[in-house]
Amino acid sequence: MQYFPLFVDTSKLKVLLVGAGDVASRKLALLARTYAEIVVIATDISAEVSKRAQQGRITLVKRAVVPEDITGFDLIYLATADDKLNAKFASIADERGIWVNVVDSPELCRFITPSIVDRGRLQIAISTAGAAPVFARELRARLESWLPLSLSPLFDFVAAKRKEVQQRLPEFKQRKLFWEHFFRANGDNFDDETPVHYDNGFQGLSIGGEILLMDDETQASLLPIAAMPLMQKLDHIFSLESLPFMLNEFIRRDAQRGKLPSLSELSKLYQGGQRCLVYADNETITQFKAHFPMAKHLRAGKI
């Protein structure tokens with residue numbers, strides 16, 4: 001991938017925005033929601049930028065930018081209407097090792113700003129690597145309508161409870177199961193029932209293992225939607241060969257990988273509450289299925 005997504009702690013960030021017109025104002029509207037220290041340098045100042053300066057949210061310098069300004073910053077946004085000026089100062093920033101973004105010129109950017117869905121602690125970033133920002137905005141609109149605003153206070157609640165859960169459930173497997181039970185019962189709501197679901201999550205915790213079987217003739221793209229949550233809960237993945245790219249994309253990234261286990265080894269993992277996927281040829285999968293009738297056989301369109 002050309003662009004690697006990162007989430008940066010903005011409380012330690014110093015940002016320079018060159019330009020204060022309509023385009024710069026839209027960029028500033030997003031930056032102002034962060035904890036970053038923001039300096040704006042421009043000659044023509046929009047009403048929105050002036051308002052933020054009067055509020056003390058930004059430091060506003062009313063003059064033309066000069067090369068000496070391009071120092072001491074972590075990020076620089078160039079949002080003027082002068083393409084030659086933008087290119088000149090982007091080059092200076094690159095020479096000085098400062099990450100720069102030139103609005104509407106991805107070829108001059110060291111980084112790009114994705115379209116963002118903001119639900120407090122839950123942040124979703126969407127990018128098309130600068131190719132189709134209109135589509136990124138369309139996708140963001142779909143996600144905005146799908147993700148309820150209640151997610152923001154819900155994750156504040158969860159964050160406040162994490163230390164208590166760690167103290168009450170010292171084992172990672174217990175904590176993972178607890179949160180699975182909590183979110184299954186509570187969903188994405190935050191209301192009077194949320195604390196009830198939290199308290200109920202500690203009752204009757206039992207760690208149950210799971211075995212998923214998938215033969216190498218089944219295409220991952222044809223798996224049912226119901227298989228996706230199962231893939232994200234896996235602890236172990238066993239296969240004779242490398243997993244197909246698409247299947248690997250569906251699977252929990254920090255799951256342990258290994259060669260095919262013995263029947264006794266897989267049985268021990270299952271009894272210990274581990275969730276395992278066995279990926280192999282059809283004959284091998286048939287053998288495992290005969291030994292583990294409780295296993296879920298993943299096939300095109302069904303489980």
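Only this structure's heavy atoms are used, side chains among them; waters, hydrogens and symmetry mates stay out. All values reported here derive from a predicted model rather than from experimental measurement.
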Decide yes or no for [X] and [Y]: does some side-chain heavy atom of the first lie under 4.5 Å from some side-chain heavy atom of the second?
{"X": "Leu269", "Y": "Phe238", "value": "yes"}
{"X": "Trp99", "Y": "Asp74", "value": "no"}
{"X": "Ser105", "Y": "Asn86", "value": "no"}
{"X": "Gln123", "Y": "Asp118", "value": "yes"}
{"X": "Leu60", "Y": "Val49", "value": "yes"}
{"X": "Tyr270", "Y": "Met294", "value": "yes"}
{"X": "Pro148", "Y": "Phe190", "value": "no"}
{"X": "Leu240", "Y": "Asp281", "value": "yes"}

Polar side-chain atom of [X] near backbone of [Y] as donor-acceptor pair, under 3.5 Å:
{"X": "Arg252", "Y": "Met231", "result": "no"}
{"X": "Arg275", "Y": "Glu210", "result": "no"}
{"X": "Ser91", "Y": "Ala87", "result": "no"}
{"X": "Thr218", "Y": "Leu223", "result": "no"}
{"X": "Asn101", "Y": "Tyr77", "result": "no"}
{"X": "Asn189", "Y": "Asn186", "result": "yes"}

Shortest non-hydrogen separation from [X] to [Y] and the atoms involved:
{"X": "Pro261", "Y": "Leu266", "result": "CG-CB, 4.1 Å"}
{"X": "His236", "Y": "Ala255", "result": "N-CB, 4.4 Å"}
{"X": "Ser46", "Y": "Ser25", "result": "OG-OG, 2.7 Å"}

Ring centroid separation for Phe202 and Phe182, is it under 6.0 angstrom?
no
Output field: ring centroids Phe111/Phe4 closer than 6.0 Å:
no
With no hydrogens and no angle check, just 3.5 Å: does a side-chain donor-acceptor pair link Ser267 and Gln271?
yes
Do the side-chain N and O atoms of Ser11 and Asp9 include a donor-acceptor pair separated by under 3.5 angstrom?
yes
Would you indicate whether Arg162, at its atom CZ, is surrounded by more than 12 heavy atoms from other residues, nucleotides or ligands within a distance under 6.0 Å?
no
Please say whether more than 12 non-hydrogen atoms of neighbouring residues, nucleotides or ligands are located less than 6.0 Å from CG in Asp104.
no
Verify same cluster id: [X], [Y] (apolar side-chain graph, 4.5 Å):
{"X": "Val15", "Y": "Val8", "answer": "yes"}
{"X": "Ile76", "Y": "Leu31", "answer": "no"}
{"X": "Val102", "Y": "Val39", "answer": "yes"}

Considering the options Lys173, Lys176, Arg257, which one meets the salt bridge (charged side-chain N to carboxylate O under 4.0 Å, His left out) requirement together with Asp235?
Lys176
Salt bridge check: are Arg119 and Glu144 linked by an N-O gap of less than 4.0 Å?
yes
Distance col, row Leu13:CG vs Ile38:CD1, nearest 0.5 angstrom, shows 9.0 Å
